Each structure stands twice: as structure tokens, then as C-alpha cells.
Amino acid sequence: MNNRSLSRKIIYILAMVALLFPLFYLGKPPTKGSGKIAELRSRYSIGQADLGKLDPASESMKLATLGMRGIAASILWMQADHYKEEKYFDRFSATLNQIALLQPHMISVWQHQAHNLSYNVSPEFEDYRQRYEWVKKGIDYLVKGTKFNARKPILQYELGQYVGAKMGKADEKLQYRELFRNDEEFHKYFVEQGLNAKSDDALGPDRKPDNWLVGKQWFEQAYQLVSAGIAIKKSPHLLFSYGPLWQMYHGEAIEEEGILDERAKFVWEKASREWKDFGNRELATTGYVPVTLGSIDTARKDVERLQRQFMDMTNAGRDKVIEVKKAKYGSNNPSKAKAFEKPDDQRSTEERMWAAEFQLAVEPTYQELANELPRDQQIKALELAVQLGAAEEYAKSTSSLRDQVNYAYWETRALAEQQQIMVDARRMIYDANKLIDVADIKGAVEKYEEAFVRWDKVFRFYPVIMTEDVGGDVLKAINRYKKLMDEDVDERFVLYEFMLFRRAYDGDYLDFNIEKTLSEWNTNALKLGSPEDFFSTPLAKAYGITNKSPNPSPGDSPNVPAEPKPAEPMPAEPKPAEPKPAESPEPPKAVSPSNTGSPNATGRPPALENPGS
């Protein structure tokens, strides 16, 4: 018995010794005929040297922890959380560096702890300069991560977000942006790490690095890696939108800081070109065919063309298919069939839902329509149906991706911001706010009124920009104006219809009536001609009005609004939730002198006159 046990042990030992030889052979350095594992690592770029910089301290950590790196890292993570909760921030930062040495190629380490430094630790300090320093620590942590993970563009993406959005969207954005512009040591550090933060592309109007443009440079580094075939866990349409968006946010930021001249127009012109290039980029989707966001008009025309061809071929049998489906579906759902037959104005809310379901159920499919054709025409019809289905899917996918990046809004805004009248309108609001700071109420009121006349023209030609930040900024200016006037405005106010629209939009921007109204206003805007002609033409003439009054119309002068009565963008609706535009752009409507009194000395529109002036 003992001999048998001893024999088994000897066999096991010999087997283990025998296995050492192939392991030694496979694990040798790559030489001819041996070192297969090293060869495979090199061939597929999966060795540690291919991942990025190697830190000798991390290799020492492996030996020091006796192969228990995971356990050591977990302990350090718990220590880091403890230090953060107890506000021992110096110890917290040192512990993060130790974690990075243990797990230099684990991306979540760099992402999570950089977020801790920039977003969670920085708010703990009262002085914005200290908060700025901790935001920098998070950025520095990510930069170090890129050196250890050269094939992970997600870190460059994160850096674009931190340098751009964290510094440019925070409550302290004015202070952060000022500190960043003058932080020469930080700029030098970026240059040393391979990002030329002092190049022309990164410089703002004051010829100093701008945080939005430097963040954009980090995105461009990520784009280069992705274009080289390195995967990133980000949807392409979102990933590639950030570069041009950061250019637009740069334009937005300098305008808020008072750069309201040709420099701002140049920034938006560049943003418009980059957004167009983004729209022409092929983007991978979950389908088989990549899409380009700028091709939506062509895609919709293709759908319309194929629909016409298919309907011309199959329309004769359409009514027959519908009647058959009505009879079949109606017998199984008599209440829905009855609701469908009722006039719409007699249906209850539930019956409207049933009628819509019934309508959808009896709508013929392309297959059903093709089956009604003679056999010799069915193959052609089915081929056409396949093309039509693919075209519809492409158009639907393109439209969905456009909505996700708000493509139409940014495309239109970049064009609008290049117009001199919009730059003037922004400058007048900026000046009005400055006059409020020095208690010049009368001057601020005048500047606001001059701005509102120009915003009316801008909103008429570019209605879509009323829906987002631009409309919100103008609404804030109107509220400040009303406080200065110490009274509310009525339907004679030049932006009254805009106010009604924003009230409804802010209440429920998904309301069908909001979309319908905006669509009608966009249709009316198409009738106004080119922006060059419209914005260079006096307001009354731009709308085709014969103004017999000797006084000029609002918009005649590039700087001062003239005396006639304010223009109404659209006729006012009694219900704010559903503003209805006119069939075509309306002229400025005069207000009876008996209601408004004689023209005032300043030449301001009577509806905006300050009674105390």
C-alpha cells in the first residue's frame, strides 16, 4: 500500500518537472524557433510595453506584494476613501499615486480617482484658487494615465471634458478661465506632455491659451487614436461632436466676457465649418450602413422618391388590403373599430387612442401590397420594397442621431452668430448689464430696447435658436428690463410673441403644439430671402411693407432703433401654451397715438418707454 502511494508521488513529481521544459521553451525571449509567448505578445501588441510607459516601481510592487497586488490595491482604495471622508486630502492624493503604481493599466483607476480630485475634493475648499488647484490635480492624474495607457483614447477624451467643461461650465467658470489663461506653468506642463497648448489653435482672442480650445486639442488626440483603429467605448456621433462643440462653447464664453466684434464672428465661422465637416463624417451605427448627419435632406428625398414609385405600382390594391384588414381586426376589436368610425371631435381621450391603434393595425405592409400584384410584377415590387425599407431605416437612424446631438440647433446657431446684427444685439445687452452695475438705469433701459429690436429680426430669420441657451439669455434680459421698468409688458412689446413661445416651451418642450409652431415659423423664415439681404434691409422693407410714415422703421440704423412702433414677430395668442404664427411674416404694427401718446425724445419704441424718463 505504502509502495503504491510512493509511486504515485514520484510520478506526479516527474510530471511537474517534465512540464517545466515546455514552459521554459515557450517563455523564453523571442528567438528563432522559441519564445512563442513573447512573439504572440509582440504580434498582437498586448505586452506591457505596448500599453504605454512602464514604471519600475510597479514591477517592484509585484514582488513586494508577493503576487497579491489585487489585495494590496483594495486596501489602498479603502484607505483613500477614508482619507477623503476625513478630509486628509494630502494623504488622499499620495494614496492615489500608490494605487496607480499597483494598477497602472486599469483605466477605471485613472478615471475614478481623477474625478474624485477634480469634482469631489475641489468643492471642499472655499477659495476658488484652491479649488482650481485641485481641478488641476485631477487633470494631472489623467495626463499621467495617458503615459501608461498609450492605446486607450478614453483618457484623452476625459481630458477634453475636464479641461473644457469642468473649467468652462462650473459656477466659478469666469475665475477658472482667467486663472487658466494666465497659468503659464500649466501650459508649459501640457507642452512637455506632448500637447502644444501654445499653438495658434489653442489661443483665445487675447493670444493666451483658452481652456475650451485646449480641451478641443485633447479630443483631437483621441480622434487620431480612434482613426488609427483603436476602439473606444463611446458612440461615434457623440464622440466626434465634441470637437466642434468645444469651438462653439469657446465662442459663447468670449462673448459672455465682452469680446463682441469681428473676433467673435471669426470663432463662429470656424465653428460652422467644423460642424459641417462633422455632418459630412461617416459615423458607424448599430445598422450595417454608416450615416452622415448632414445627409438628412437627401435621405428624405430618397424615401419620398421610392414611396412614389412603390405607391404608383401598388396603389390599385391598397383599398382592398385595408378593407380585408379592417374586417379581420374589427371583428376581434369591435370597440376600437367603432372608435375609428367616429368623427374625431366626438371621440373621448380613450377612443382617440383606440382609433390610432386601429389605424396603425390596418395600414398595409409593403409585403401585403406587393402580394396583390400579378406574379410577374411581384418580384420588382418586392425589390422596390426592400430599397424603400432600407431608405426609411437610414433616414430614421440619421434623424435620431441628429436629435441626440441637437444638430439642427447648432448648425443654425453657428450661422446666426456670424451675423453682425446678432453681435450688435449681444453687445447692447452686455452694455446694458454693465450700466446696471453703475446704477445708470435710463442708459440700461435704452440699451435693452435697442437690443430687443435686433433680437426680433434674428428670431424671425432663425426661429430655432429661441429654443435653447440663446433664447434663455434673451428671456433673462427681458426679466431684468421689466424690473427696471417696474411694470410688465403687453402685446405691443417687440418680443411679446417670443415670450409666449418660451413660456410654453419651458413648460413642456415636447408638446406637439410647440413643434408645430416652430415648424411653421421655420417655414415663414424661408420666405425672407438670404440673410445678407434680410439683415441689411430696414425692418419694414424686409417684410414687404410700404411705410408712409416719415419716421424710419426699427432696424434702419445699425446702432439706434428708430421711432415707429415695435414689430410683432407673430400675432399674439390668447393662450400662451399654443402660440400660433401667421401664414406669412407680419409687418410691424402701429399703435394708435391716442393709446401711446406722442413720440418720446429718445426715439425709443413707445411700448418700451420708461415712464420715469
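Just so we're clear, the structure is a prediction, and the values are computed from it rather than from any experiment. What you see below is based on every heavy atom in this structure, not just the backbone, and it leaves out hydrogens, waters and symmetry mates.
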Is the closest side-chain heavy-atom distance between Tyr242 and Tyr157 below 4.5 Å?
yes
Tyr162: what forms a ring-ring contact (aromatic ring centres under 6.0 Å, His included) with it, not counting sequence neighbours?
Tyr119
Under the side-chain hydrogen bond (donor to acceptor under 3.5 Å, both in side chains) test, which residues partner Arg308, sequence neighbours left out?
none
Qualifying side-chain hydrogen bond (donor to acceptor under 3.5 Å, both in side chains) pairs, either residue in residues 353-368, two or more places apart:
Arg318-Glu363, Lys325-Glu368, Lys336-Glu357, Thr365-Glu368, Tyr366-Glu392, Gln367-Asn371
Run the salt-bridge test on Asp345 and Arg352 with the 4.0 Å N-O cut-off and return the result as yes or no.
no
Ion pair present between Glu417 and Arg413, side-chain N to carboxylate O less than 4.0 angstrom?
yes
Rounded to the nearest 0.5 angstrom, the CD-OG1 distance for Glu158 and Thr146 is 12.5 Å
Under 3.5 Å: donor-acceptor pair, side chain of Asn211, backbone of Arg177:
no
Residues passing the salt bridge (Lys or Arg N to Asp or Glu O under 4.0 Å) test with Glu256, sequence neighbours excluded, are Lys173
List in chain and number order the residues that pass ring-ring contact (aromatic ring centres under 6.0 Å, His included) with Phe180, two or more places apart in sequence or in another chain; answer none if no residue qualifies.
His187
Scan side-chain atoms only and decide if Ser400 and Asp403 contain a donor-acceptor pair under the 3.5 Å cut-off.
no
So, for Phe190 and Val163, which heavy atoms are closest and what is the spacing to 0.1 Å?
CZ-CG2, 4.2 Å
What are the two closest non-hydrogen atoms of Thr292 and Tyr394, and how far apart are they?
N-OH, 3.3 Å
Side-chain heavy-atom pair Ile322, Val324 within 4.5 angstrom cut-off:
no
I'd like to know if the side chain of Arg502 reaches the main chain of Thr467, judged simply by a donor and an acceptor atom lying under 3.5 Å from each other, with no hydrogens or angles considered.
yes
Applying side-chain hydrogen bond (donor to acceptor under 3.5 Å, both in side chains), name anything that partners Lys301, two or more places apart in sequence or on another chain.
none
Can you give me the closest heavy-atom contact between Leu238 and Ser241, atom names plus distance?
O-OG, 2.7 Å
Could you tell me the separation between the CG atom of Leu388 and the CZ atom of Arg305, rounded to the nearest 0.5 Å?
10.0 Å
Do we see a donor-acceptor contact under 3.5 Å between the side chains of Lys216 and Gln247?
yes
List in chain and number order the residues that pass salt bridge (Lys or Arg N to Asp or Glu O under 4.0 Å) with Arg181, two or more places apart in sequence or in another chain; answer none if no residue qualifies.
Glu178, Asp206, Glu257
Cationic N near anionic O, under 4.0 Å, Arg273 to Glu269
yes
For Arg454 and Glu450, indicate whether the former's side chain and the latter's backbone hold a donor-acceptor pair under 3.5 Å.
yes
Can you name the ring-ring contact (aromatic ring centres under 6.0 Å, His included) partners of Phe358, sequence neighbours left out?
Tyr329, Phe340
Supply the atom-to-atom distance Lys326 NZ to Asn333 CG, rounded to the nearest 0.5 angstrom.
14.5 Å
For Glu262, side-chain hydrogen bond (donor to acceptor under 3.5 Å, both in side chains) partners two or more places apart
Lys265
Main-chain N/O of Gln193 paired with Lys147 side-chain donor or acceptor, under 3.5 Å
yes
Ignoring hydrogens and angles, tell me if any N or O in the side chain of Asn196 forms a donor-acceptor pair with the backbone of Lys198 under 3.5 Å.
yes
Tell me if the centroids of the rings in Phe452 and Trp455 come within less than 6.0 Å of each other.
no
Distance, nearest 0.5 Å, that separates OG1 of Thr398 from CG of Leu283
9.0 Å
By side-chain hydrogen bond (donor to acceptor under 3.5 Å, both in side chains), Gln156 pairs with (sequence neighbours left out) none
Test item: Trp268 and Leu415 side chains (from C-beta on) under 4.5 Å apart, heavy atoms
no
Which pairs of donor and acceptor atoms, one on a side chain in residues 223-230, lie under 3.5 Å apart (sequence neighbours left out)?
{"from": "Tyr223", "atom 1": "OH", "to": "Leu239", "atom 2": "O", "distance (Å)": "2.7"}
{"from": "Tyr223", "atom 1": "OH", "to": "Gly243", "atom 2": "N", "distance (Å)": "3.0"}
{"from": "Ser227", "atom 1": "OG", "to": "Tyr223", "atom 2": "O", "distance (Å)": "2.8"}

Smallest heavy-atom separation, Ala416 atom then Ile465 atom, equals CB-CD1, 4.2 Å
In terms of heavy-atom contacts, does CE of Met311 have more than 12 from other residues, nucleotides or ligands at under 6.0 Å?
yes
Heavy atoms, side chains only, cut-off 4.5 Å: are Val470 and Arg426 in contact?
yes
Worked verdict on Leu401 versus Tyr407 for side-chain contact (heavy atoms from CB on, under 4.5 Å):
CA-CA 8 Å; Leu401 296 183; Tyr407 187 88; over 6 Å; no
In Å, rounded to the nearest 0.5 Å, how long is the span from CG of Leu293 to CZ of Arg402?
7.0 Å
Hey, is Glu252 close enough to Lys169 for a salt bridge, meaning N to O under 4.0 Å?
yes
Closer than 3.5 angstrom, by distance alone: can the side chain of Ser519 be matched with the main-chain N or O of Glu515 as a donor-acceptor pair?
no
Contact check, side chains of Ile139 and Met167, non-hydrogen atoms, under 4.5 Å:
yes
Show the nearest heavy-atom pair for residues Pro364 and Val321, with the distance to one decimal.
CB-CG1, 3.7 Å
Specify the closest pair of heavy atoms between Val291 and Ser397, including all atoms of both residues, with the distance to one decimal.
CG1-OG, 4.1 Å
What's the verdict on side-chain contact (heavy atoms from CB on, under 4.5 Å) for Val303 and Glu393, showing C-alpha distance, side-chain angles and the deciding distance?
CA-CA 10 Å; Val303 170; Glu393 182 61 30; over 6 Å; no
Would Phe459 and Phe501 count as a close aromatic pair, with their ring centres under 6.0 Å?
no
Side chains of Gln217 and Ser199: do they bring a donor and an acceptor to under 3.5 Å?
yes
With side chains defined as the heavy atoms from C-beta onward, is the minimum distance between Ile154 and Gln111 less than 4.5 Å?
yes
Sorted by chain and residue number, the ring-ring contact (aromatic ring centres under 6.0 Å, His included) partners of Tyr249 (sequence neighbours excluded) come out as Trp212, Trp246, Trp410
Approximate separation, where rounding is to 0.5 Å, of Leu213 CG and Glu220 CD
9.5 Å
Hey, what's the ring geometry for Trp110 with Tyr141, parallel, tilted or perpendicular (30° and 60° as the breaks)?
tilted
Any heavy-atom pair between the side chains of Asp261 and Val423 that's under 4.5 Å?
no
Output yes when a side-chain donor or acceptor of Asp533 lies under 3.5 Å from a complementary backbone atom of Gly529, and no otherwise.
no
Side chain to side chain, Leu195 and Trp218, heavy atoms closer than 4.5 Å:
yes
Flag if over 12 foreign heavy atoms under 6.0 Å of CZ, Arg281:
no
